[in-house]
> 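Before we start, here is the structure in question, set down as structure tokens.
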Number of protein chains: 2
Amino acid sequence: MSKTRNSKNRSLVIDIIKKAEQPISAENIFNSINSIKKVNLSTIYRILNSLTNQNVVIKQLKQDGIHYYEINDNTHKHNLICDRCHKTIKIENCPLKEFENSIKQKINFDITSHIIEFHGICKNCQK
Amino acid sequence: MSKTRNSKNRSLVIDIIKKAEQPISAENIFNSINSIKKVNLSTIYRILNSLTNQNVVIKQLKQDGIHYYEINDNTHKHNLICDRCHKTIKIENCPLKEFENSIKQKINFDITSHIIEFHGICKNCQK
DNA sequence: TCCTTTAATGCAAATCGTTTGCATTAAGAT
DNA sequence: ATCTTAATGCAAACGATTTGCATTAAAGGA
């Protein structure tokens with residue numbers, strides 16, 4: 001294994017993902033950094049893949065065909081995506097723990113991971 | 001609205017998706033049809049998009065970056081994907097109904113749809 | 001049945017997010 | 001300060017899907 005160097009871009013990317021507080025796309029990160037200094041998109045992708053492999057961030061492909069990244073704080077969370085304002089709301093408790101247990105008991109399928117995409121309309125946008 | 005014609009390819013595609021009994025990709029369908037008669041991939045995509053818009057089939061983008069199609073029988077189901085044999089197991093009852101209600105009550109977010117991707121190891125492959 | 005209309009198709013090129021090869025630059029260990 | 005090699009920029013490639021355009025073939029009416 002080669003050692004990961006602490007490049008400026010790498011820490012910039014981490015900072016931006018942290019600040020975002022929502023899953024954020026490569027292009028978004030690219031734009032954020034580019035407003036400060038010039039970077040190449042492929043650099044962003046390489047950094048993101050490295051961060052993903054090292055479990056620093058979690059990568060999820062959403063139904064819009066774009067990968068979104070968020071900090072991996074080792075808690076299992078899900079997001080609610082508002083289809084009107086496109087904001088994402090974090091929810092802390094995962095509703096599927098018991099379900100996964102019951103599936104294990106019923107049909108002996110061992111669920112090791114799950115990805116959910118919730119869509120709907122947030123409180124504000126319902127007005 | 002223009003009227004959809006009952007082309008041979010269209011009904012072939014529907015048949016193949018039905019027979020598959022698993023979510024199936026455009027390329028899979030393409031190969032199936034091509035073993036019988038010559039078709040163009042873009043034709044398959046056009047048929048699939050038409051079927052999706054007419055709610056005849058349901059389209060889901062999975063984490064592998066490929067769209068999978070299954071017949072829409074208007075029941076809400078989910079699939080368990082075995083990461084070893086890559087088979088898909090259908091599960092009939094959705095575990096998220098109560099959860100969605102509780103979210104509505106707690107934070108007044110109105111969940112209109114959700115997509116789940118369960119991964120794990122099936123009964124057979126655990127041996 | 002033959003005509004007419006227009007949806008369906010084939011083909012090639014375009015799209016879009018992401019990845020890769022290669023030459024250059026710069027971390028960070030010695 | 002020097003050396004090794006990870007990080008970067010740039011352009012080209014990638015793979016799934018879409019699109020433009022010319023051609024073919026359903027399906028309704030004469």
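First the proteins, then the strands, lettered A, B, ... as listed; each starts at 1.
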> Do other residues, nucleotides or ligands put more than 12 heavy atoms under 6.0 Å from the NZ atom of Lys37(B)?
yes

> Heavy atoms only: give me the nearest Ser35(B)-Ser32(B) pair and the separation to one decimal.
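Reported closest heavy-atom pair: OG-O, 2.6 Å.
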
> What is the distance, to the nearest angstrom, from the CG atom on Asp64(B) to the P atom on dT17(D)?
9 Å

> Regarding Lys38(B) and Asn34(B), do their side chains bring together a donor and an acceptor under 3.5 Å, going by distance alone?
no

> Would you call the rings of Phe99(B) and Phe118(A) parallel, tilted or perpendicular, taking 30° and 60° as the class edges?
tilted

> Just to verify, which of Ile17(A), Ile58(A), Leu51(A), Thr52(A) counts as forming a side chain to side chain contact (heavy atoms under 4.5 Å, CB included) with Asn72(A)?
Ile58(A)

> Does Asn49(A) put a side-chain nitrogen or oxygen below 4.0 Å from OP1 or OP2 of dT19(C)?
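Asn49(A) to dT19(C) OP1/OP2: side-chain N or O found under 4.0 Å.
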
> Find which nucleotide of DNA chain C each of Glu27(A) and Arg46(A) is nearest to by heavy atoms, and output the residue with the more 5' nucleotide.
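Taking each residue's closest nucleotide, the earlier one in sequence belongs to Glu27(A).
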
> Of the listed nucleotides (dT18(D), dA16(D), dG17(C)), which one gets closest to any side-chain atom of Ile66(A)?
dG17(C)

> Counting just side-chain N and O atoms, does His67(B) come under 4.0 Å of either OP1 or OP2 of dA16(D)?
no

> To the nearest angstrom, how far is Ile33(A) atom CD1 from dA7(D) atom P?
15 Å

> Provide, to the nearest angstrom, the distance between the CD atom belonging to Gln54(B) and the C1' atom belonging to dA7(C).
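Interatomic distance, CD of Gln54(B) to C1' of dA7(C): 12 Å.
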
> Roughly, in whole Å, what's the span from CZ in Phe30(A) to C1' in dC10(D)?
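Between C1' of dC10(D) and CZ of Phe30(A): 12 Å.
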
> Among dT17(D), dA8(C), dA27(C), which is the nearest nucleotide to the side chain of Tyr45(B)?
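Nearest to the side-chain atoms of Tyr45(B), counting from C-beta on, is dT17(D).
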
> Measuring to OP1 and OP2 of dT8(D), would you say a side-chain N or O of Ser7(A) lies under 4.0 angstrom away?
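Affirmative; the distance criterion is met.
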
> Base, sugar-phosphate or nothing for Ser25(B)? Non-hydrogen atoms, less than 4.0 Å.
nothing

> Look at the side chain of Asn40(A) and decide which nucleotide, out of dA7(D), dG17(C), dC10(D), has an atom nearest to it.
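Closest nucleotide among those given: dC10(D).
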
> Please report, rounded to the nearest Å, how far the P atom of dG15(D) is from the CD atom of Gln63(B).
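Spelled out: CD on Gln63(B) to P on dG15(D) is 20 Å.
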
> Round to a whole Å and report the spacing from NZ of Lys3(B) to C1' of dG28(D).
8 Å

> Let me know, please, whether Gly65(B) or Ile44(A) comes out on the 5' side of the other along DNA chain D by nearest nucleotide.
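Result: Ile44(A).
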
> For the side chain of Thr4(B), starting at C-beta, report the closest nucleotide among dA8(C), dT18(D), dT8(D).
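From the listed options, dA8(C) comes nearest.
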
> Please give, in whole Å, the distance from dT17(D) P to Ile47(B) CD1?
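The distance from CD1 of Ile47(B) to P of dT17(D) comes to 15 Å, rounded to the nearest Å.
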
> dT18(C) C1' sits how many Å from Gln60(A) CD, rounded?
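Gln60(A) atom CD is separated from dT18(C) atom C1' by 17 Å.
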
> With a 4.0 Å limit, can you tell me whether Lys38(B) has a side-chain N or O closer than that to the phosphate oxygens OP1/OP2 of dC11(C)?
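Lys38(B) to dC11(C) OP1/OP2: side-chain N or O found under 4.0 Å.
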
> Check the phosphate of dG9(D) against Thr43(A), side-chain N and O only, distance under 4.0 Å to OP1 or OP2. Yes or no?
yes

> State which of dT8(D), dA27(D), dC11(C) makes the closest approach to the side chain of Asn6(B).
dA27(D)

> Parallel, tilted or perpendicular: which fits the ring planes of His114(B) and His76(B), with parallel below 30° and perpendicular above 60°?
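Ring orientation of His114(B) relative to His76(B): perpendicular.
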
> With respect to the side chain of Asn9(A), which nucleotide from dT8(D), dT5(C), dC10(D) is positioned closest?
dT8(D)

> Counting only side-chain nitrogens and oxygens, does Lys8(B) get under 4.0 Å of the OP1 or OP2 atom of dT24(D)?
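It does not, given that no N or O in the side chain of Lys8(B) lies less than 4.0 Å from OP1 or OP2 of dT24(D).
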
